[in-house]
J.: 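What follows is a structure written as structure tokens; I'll ask about it next.
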Amino acid sequence: MTFKEQIQQGIPDVLPQHKPYDAAINHAPKRKEILSVEEKKLALKNALRYFDSKHHATLLAEFKAELEQYGRIYMYRFRPDYEMKARPISEYPGNSEQAKAIMLMVQNNLDYAVAQHPHELITYGGNGAVFQNWAQYLLTLKYLSEMTDEQTLSMYSGHPMGLFPSHKEAPRVVVTNGMVIPNYSKSDDWEKMNALGVSQYGQMTAGSYMYIGPQGIVHGTTITVLNGFRKIKKSPKGGLFVTSGLGGMSGAQPKAGNIAGCVTVCAEVNSKITHIRHSQGWINEVIDDITLLVARVKKAMEANEVVSIGYLGNVVDVWEKFDAENVHIDLGSDQTSLHNPWAGGYYPIGFTFDESNEMMANNPKKFKEEVQKTLRRHAVAINKHTDKGTYFFDYGNAFLLEASRAGADVFAANHIDFKYNSYVQDIMGPMCFDYGFGPFRWVCASGNPEDLAKTDEIACAVLEEIMKTSPEEIQQQMADNIQWIKGAQENKLVVGSQARILYADSEGRIKIAEAFNQAIARGEIGMVILGRDHHDVSGTDSPYRETSNIYDGSRFTADMAIQNVIGDSFRGATWVSIHNGGGVGWGEVINGGFGMLLDGTKEASKRIEMMLFWDVNNGISRRNWARNEGAIFAIKRAMEAQPLLKVTLPNLVDENLLT
């Protein structure tokens, strides 16, 4: 069968051959035992409903074995034989170009070079899934290959509920992930519902088909590192940034450190992912001996080298050894997946990677105890360095939150706030999000690197033109983003699809997108798929990350994210998504995203102006109402540019009246 025929087939009527477990692939760890005997029967019934009853006897034993061995039913037998990668949009079957664009993005999320655990359909973060099983994948792509621009596909946590009559201006796909009743949003609730096959954790851009590999976070991480050094009034040259995690999101850190111009040490316990990142060029060197690491770092700092070093081991060893050897750390953070602490997001010190995985699956109580013990030790080591002048920031991965729950010394003197601010509180919030700057991204649907180079040139020219008349308040952001896009090709950021990320505000996004659309209309480039990270101005309500610099008491509300996805859906998005849990953990955040296909038409131009303006200014208006100074400035500027925009402004209260 051809690739197109396999897509159109969906779930095959004749069972494919059983596929052996491929040990060469990076696999998800075994999930803990959580289902009762009756619940296991329910999980099997739920899995078998995808298949004709004539196959149930054959598949039952197989699915039962998967559930017992891995804690989930992945349906490995149904994994496609074709190479999993984003193809040029013209190679996909279908009646809708928009649907083809979504197929392209789905396959990009599962590309072996992009996905963390591709055979388990997990893109990043340890549990950020595109689908729960391979039957869902096959059925979804079949639906997409059949749909017209008069239909909308409804996706329930990876399950394609079906195609529904719609209209041309409606989204082609609406995605929800993990949208459970609030009182059932604890981590064990997720584990149980996921094992039953009824809900999934879509992370931020995994379950919404908009992940573009580590590049997706490199730009924001670069901005964070640059501004971290600015905050301590030191040049990155010869400076040291210490952090941990080389997975899908955290893997961006060493590349960002190189772009910023410092020495970066990033610890990782997983040998396989460490060497993958090294082979991809995201880290320059790998060292597994802590003594050799100290010597190498001292030499690099003295020589003002720009180098990234992956330390194959536990980051707590790094913090403790550097303290003992008086290696001064300028910037420190952590980007392990602590939103998922009991299922592979963070590993305890004193155990090998394999020992930890065995303990995680077979003795989860002890594993939790060891993780919490390590978090307490981790915090002690960090505190020793900050006493010497290290600037430590929480990276929004729930490090401080989980450390506090473990009883670690991370609280400020008032015993309410953390002693270290998050990077959003100190950097991204006041410097970027309040002014509307966030991670705008695009993918060249042709798959042609030349198209990507042309879009880089177009985006750079647009930003340089905007900067000529930009107010002083955003000149630094504009300069940083122009520098970024000029170095994008040189820094070899592409993994998987021909994609780019660029921090831009509403004006920048709209003008860049419209310039792309005009270039498509002229035949200079192929179609372009727009999107963004959910980690943005408007898309996410996350009290310990995206909205951690909201101080009016509303940071635990989620109106902004819900309003965002509803507004995007009727203003022209090709697909929209809303998730529980992305980035910082199940039950800790609500986040929404979108995708939009540009095809060079006048209709696309209308969607660009209408949707992108809302997508950014929705968040600025909320930040303005929280009395954030930059957002008040930005929303006033937006109202001047768009007479139809009327936003309620806060009246500021004299603090002296409250004393």
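What you are looking at is a predicted structure, and each value in this text was computed from that prediction instead of being measured. Sequence positions, counted from 1, serve as the residue numbers for this chain.
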J.: Run Asp480 and Arg230 through salt bridge (Lys or Arg N to Asp or Glu O under 4.0 Å) and show every step you take.
T.: CA-CA 13 Å; Asp480 284 349; Arg230 288 169 184 157; 3.0 Å; yes
J.: Where do Met204 and Ser208 come nearest, in terms of heavy atoms and distance?
T.: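 Closest approach of Met204 to Ser208: O-OG, 3.1 Å.
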J.: Please indicate whether Glu169 has more than 12 foreign heavy atoms, meaning atoms of other residues, nucleotides or ligands, lying under 6.0 Å from its CD.
T.: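 Yes, enclosed.
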J.: Could you tell me which non-hydrogen atom of Trp586 sits nearest to which non-hydrogen atom of Tyr184, and how far apart they are?
T.: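 That closest heavy-atom pairing would be NE1-O, 4.0 Å.
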J.: May I ask you to check whether Phe411 and Phe418 place their ring centres under 6.0 Å from each other?
T.: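 Yes: the rings meet the under 6.0 Å criterion.
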J.: Just one of His534, His339, His579 clears the side chain to side chain donor-acceptor pair (under 3.5 Å) bar with Gln203, so which one?
T.: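 Only match with Gln203 under side chain to side chain donor-acceptor pair (under 3.5 Å): His339.
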J.: Does the salt bridge (Lys or Arg N to Asp or Glu O under 4.0 Å) test come out yes or no for Glu588 and Arg405, once each step is laid out?
T.: CA-CA 14 Å; Glu588 301 285 357; Arg405 290 168 176 168; 2.9 Å; yes
J.: Before giving the answer on salt bridge (Lys or Arg N to Asp or Glu O under 4.0 Å), spell out for Arg623 and Asp434 the whole-Å C-alpha distance, their side-chain angles and the decisive distance to 0.1 Å.
T.: CA-CA 6 Å; Arg623 294 168 188 278; Asp434 284 355; 3.8 Å; yes
J.: In this structure, is the centre-to-centre distance between the rings of Tyr503 and Phe437 below 6.0 Å?
T.: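 Between Tyr503 and Phe437, which both carry aromatic rings, the centre distance is not below 6.0 Å.
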J.: For Asn481 and Gln477, which heavy atoms make the closest approach, and how far apart are they?
T.: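 Where Asn481 meets Gln477 most closely, the heavy atoms are ND2-O, 2.7 Å.
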J.: Counting only heavy atoms not in Glu609 (residues, nucleotides, ligands), do more than 12 fall under 6.0 Å from its CD?
T.: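 No, not enclosed.
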J.: Compute the ring centroids of Tyr435 and Phe433, then answer whether they are less than 6.0 Å apart.
T.: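 Centroid separation for Tyr435 and Phe433: 6.0 Å or greater.
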J.: Could you tell me the separation between the OH atom of Tyr395 and the CG atom of Leu338, rounded to the nearest 0.5 Å?
T.: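 Between atom OH of Tyr395 and atom CG of Leu338 there are 15.0 Å.
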J.: Could you tell me if the ring centre of Phe516 sits under 6.0 Å from that of Trp442?
T.: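 Ring-ring flag for Phe516/Trp442: true, centres closer than 6.0 Å.
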J.: Under 6.0 Å between ring centres: does that hold for Tyr423 and His535?
T.: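 Ring centres of His535 and Tyr423 closer than 6.0 Å.
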J.: If you apply the rule salt bridge (Lys or Arg N to Asp or Glu O under 4.0 Å), what do you find for Asp615 with Arg532, and how did you get there?
T.: CA-CA 10 Å; Asp615 191 66; Arg532 58 160 168 77; 2.7 Å; yes
J.: Measure centre to centre between the rings of His378 and Phe399, then say whether the value is under 6.0 Å.
T.: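 Between His378 and Phe399, the centre distance is under 6.0 Å.
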